[in-house]
Enquirer: 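What follows is a structure written as structure tokens; I'll ask about it next.
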There are 2 protein chains.
Amino acid sequence: MTRANAGTKGVPRADRELQIVRAACEVFGTVGFGRASVAAIAADAGISKPLVYQYFGSKEGLFLASFNYGAETLAAEMERVAADDSVGLERGLRTLDGLFRMLEPQPWLWRLLFDPTAPDDGEVATARTVYTDRITRLAIEGVGELMQLVGDDDPLDASALTAVWMSAVDALIAWWLDHPGVTPAEMTGRCHRLITALSGAAVPADLPS
Amino acid sequence: MTRANAGTKGVPRADRELQIVRAACEVFGTVGFGRASVAAIAADAGISKPLVYQYFGSKEGLFLASFNYGAETLAAEMERVAADDSVGLERGLRTLDGLFRMLEPQPWLWRLLFDPTAPDDGEVATARTVYTDRITRLAIEGVGELMQLVGDDDPLDASALTAVWMSAVDALIAWWLDHPGVTPAEMTGRCHRLITALSGAAVPADLPS
DNA sequence: TTGCGGTAACTTACTCGAAGGTCATATCCC
DNA sequence: GGGATATGACCTTCGAGTAAGTTACCGCAA
């Protein structure tokens, strides 16, 4: 009886893995890969650290599983919106609306996708490339439509605007998370007003000297 | 002679401190506070770790000095631009232009300001609040002018648009850093075209359901 | 039904390395 | 000689990863 608490609890591996991944998503997405500790995640999930290692091999392996879980959720939602026939800024607005609704119960998933403290090599880098490409493809597609409407065909312009767009999405989600109590519908309305404001503002005539 | 390399090199403290802070800015701004090691910074600066502790007390103290150094540089530049009489998007464009020129020789200063792995309490938090407020004040001022031009007086809208603006600046700088060889003047031209593109795009008529 | 071996599930208690921080000492300028 | 400048070697803490053992479930033979 040296290890009083040892022995199986009768929970099948698949169930435990999901349970651990969900706890890991919240921790990784909240404090980031760098600050997260495997022991803390295990405690959150209600099991011990070695079980995490038995199932996921390493901290990086656990992050990989969590990342895939979260990224798949988000990518699927964005592709769903992209399948509509809206274009230009309206398509952007619909994407935002879908994200707000999806993230309401699990806002940390978004941070998971763009965690700057995550490993930048190995399988994690591969997975991030896969999902970033998948999401960026949608953004590039949307931005490309917008640029075509306006008559700008510089590919670097499109690349830069894609970066700005994704960053704006990030900022709006971060702002939303900082203002609890604002519903997804209200946020979508706010985004609509902001787009209107930007479009209504006068364009500067020339460049600074 | 057990410590062969010991003894003063005749460098006054103020000079060494500046030398260390400059090395620290580059490391902190490149890999972030979390991943940076004091030993590596000391090596970069060409001195030993205990000297860093003698002069700055702790890793956090070193970061604080570096942060103040970098943030002051950036805040001063932005205030210089804000003193002009341009308004709306033109003011935004001039701010971007000033930042590109300022950051060209030391791009890492920007990352220093928004390092998510920096400590979020103590003196560092205080300093960040001071500089964030100082910079955000400028952004809010600029956004406020724009919102007034357009007729939107919702303070939360202004708050959110400020967040989006600062994030867009961040994205443009990050994009620029990923595309070496692009001059500040070219970047400013690109930003001008992007603003034009956004303003020219049709505003969506209504909200998603 | 009962007993029993094999396997999957699970834990305590450890090792090990990296990095923050300190101590005692050495050298040089005035 | 005294104080400022400087360092090699050390201590300490924290967290990733591991070794080895414990318990429960399950199929199957008697």
Side-chain angles (χ1 to χ4, degrees), chain A residues 1-21 23-24 27-28 30-66 115 117-119 121-124, chain B residues 1-21 23-24 27-28 30-66 115 117-119 121-124:
Chain A
M1 63 145 79
T2 53
R3 281 159 181 74
N5 238 346
T8 177
K9 310 287 194 298
V11 180
R13 174 164 183 161
D15 292 7
R16 271 282 192 252
E17 283 187 347
L18 189 59
Q19 176 185 354
I20 295 171
V21 161
V27 174
F28 283 138
T30 304
V31 307
F33 178 85
R35 284 188 204 250
S37 98
V38 176
I41 292 171
D44 276 13
I47 48 89
S48 70
K49 192 168 64 159
L51 194 60
V52 174
Y53 280 91
Q54 188 172 331
Y55 286 171
F56 298 96
S58 64
K59 182 182 183 183
E60 197 169 322
L62 176 59
F63 181 80
L64 182 62
S66 309
D115 184 355
T117 69
D121 57 356
E123 289 184 79
V124 171
Chain B
M1 67 146 75
T2 53
R3 280 158 182 76
N5 237 347
T8 178
K9 311 286 194 298
V11 180
R13 174 163 181 162
D15 291 8
R16 273 280 192 254
E17 283 187 348
L18 188 59
Q19 176 185 352
I20 296 171
V21 161
V27 174
F28 282 137
T30 303
V31 307
F33 178 84
R35 284 189 205 250
S37 98
V38 176
I41 291 171
D44 276 13
I47 47 89
S48 71
K49 192 170 63 158
L51 194 60
V52 174
Y53 280 91
Q54 189 171 330
Y55 285 170
F56 298 96
S58 65
K59 182 182 183 182
E60 198 169 321
L62 175 60
F63 181 80
L64 182 62
S66 310
D115 184 355
T117 69
D121 57 356
E123 290 185 79
V124 171

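Convention: sequence-line order gives letters A, B, ...; per-chain numbering from 1.
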Enquirer: Please tell me if B:Thr8 has a side-chain N or O lying less than 4.0 Å from either OP1 or OP2 of C:dC28.
Expert: no

Enquirer: Using only atom types and a distance under 3.5 Å, with no angle test, would you say the side chain of B:Gln19 pairs donor to acceptor with the backbone of B:Ala45?
Expert: yes

Enquirer: Please work out if A:Ala42 contacts a base, only the sugar-phosphate, or nothing of the nucleic acid, heavy-atom cut-off 4.0 Å.
Expert: nothing

Enquirer: Under 4.0 Å between a side-chain N/O of B:Arg13 and OP1 or OP2 of D:dA4, yes or no?
Expert: no

Enquirer: Quick one: which of C:dG21, C:dT11, D:dG17 gets closest to the side chain of B:Lys49?
Expert: C:dG21

Enquirer: First locate atom CG of A:Leu64, then atom CZ of A:Phe56, and finally report the distance between them rounded to the nearest 0.5 Å.
Expert: 10.0 Å

Enquirer: Separation of B:Ile47 atom CD1 from D:dA4 atom P, in whole Å?
Expert: 19 Å

Enquirer: In terms of side-chain heavy atoms of A:Ser58, which of C:dC10, D:dG17, C:dA13 is nearest?
Expert: D:dG17

Enquirer: Can you tell me the distance, in whole Å, between the CD1 atom of A:Ile41 and the P atom of D:dG17?
Expert: 12 Å

Enquirer: What is the distance, rounded to the nearest whole Å, between atom NZ of B:Lys9 and atom C1' of D:dA6?
Expert: 5 Å

Enquirer: What is the separation between atom CZ on A:Arg16 and atom P on D:dA24, rounded to the nearest whole Å?
Expert: 14 Å

Enquirer: Any side-chain heavy atom of A:Val52 within less than 4.5 Å of one from A:Ile41?
Expert: no

Enquirer: Is any side-chain heavy atom of A:Val124 closer than 4.5 Å to a side-chain heavy atom of A:Phe33?
Expert: no

Enquirer: Once you round it to whole Å, what is the distance between P of C:dA18 and NZ of A:Lys59?
Expert: 15 Å

Enquirer: I need the CD-P distance between A:Gln54 and C:dA9, as an integer number of Å.
Expert: 8 Å

Enquirer: Tell me what A:Ser37 touches on the nucleic acid: a base, only sugar-phosphate, or nothing, going by heavy atoms under 4.0 Å.
Expert: sugar-phosphate

Enquirer: Report yes if at least one side-chain N or O of A:Tyr55 is closer than 4.0 Å to OP1 or OP2 of C:dC10; otherwise report no.
Expert: yes

Enquirer: Hey, which of these two, B:Pro12 or B:Pro50, hits DNA chain D nearer its 5' end, going by closest nucleotide?
Expert: B:Pro12

Enquirer: Do B:Phe28 and B:Lys59 come within less than 4.5 Å of each other through their side chains, counting heavy atoms only?
Expert: yes

Enquirer: For B:Ile20 and D:dT5, give me the distance from atom CD1 to atom C1', rounded to whole Å.
Expert: 11 Å

Enquirer: For the pair made of CG in A:Leu51 and P in D:dT23, what is the distance, rounded to whole Å?
Expert: 17 Å

Enquirer: Contact class for B:Ala40 vs. all strands (heavy atom < 4.0 Å): base, sugar-phosphate, or nothing?
Expert: nothing

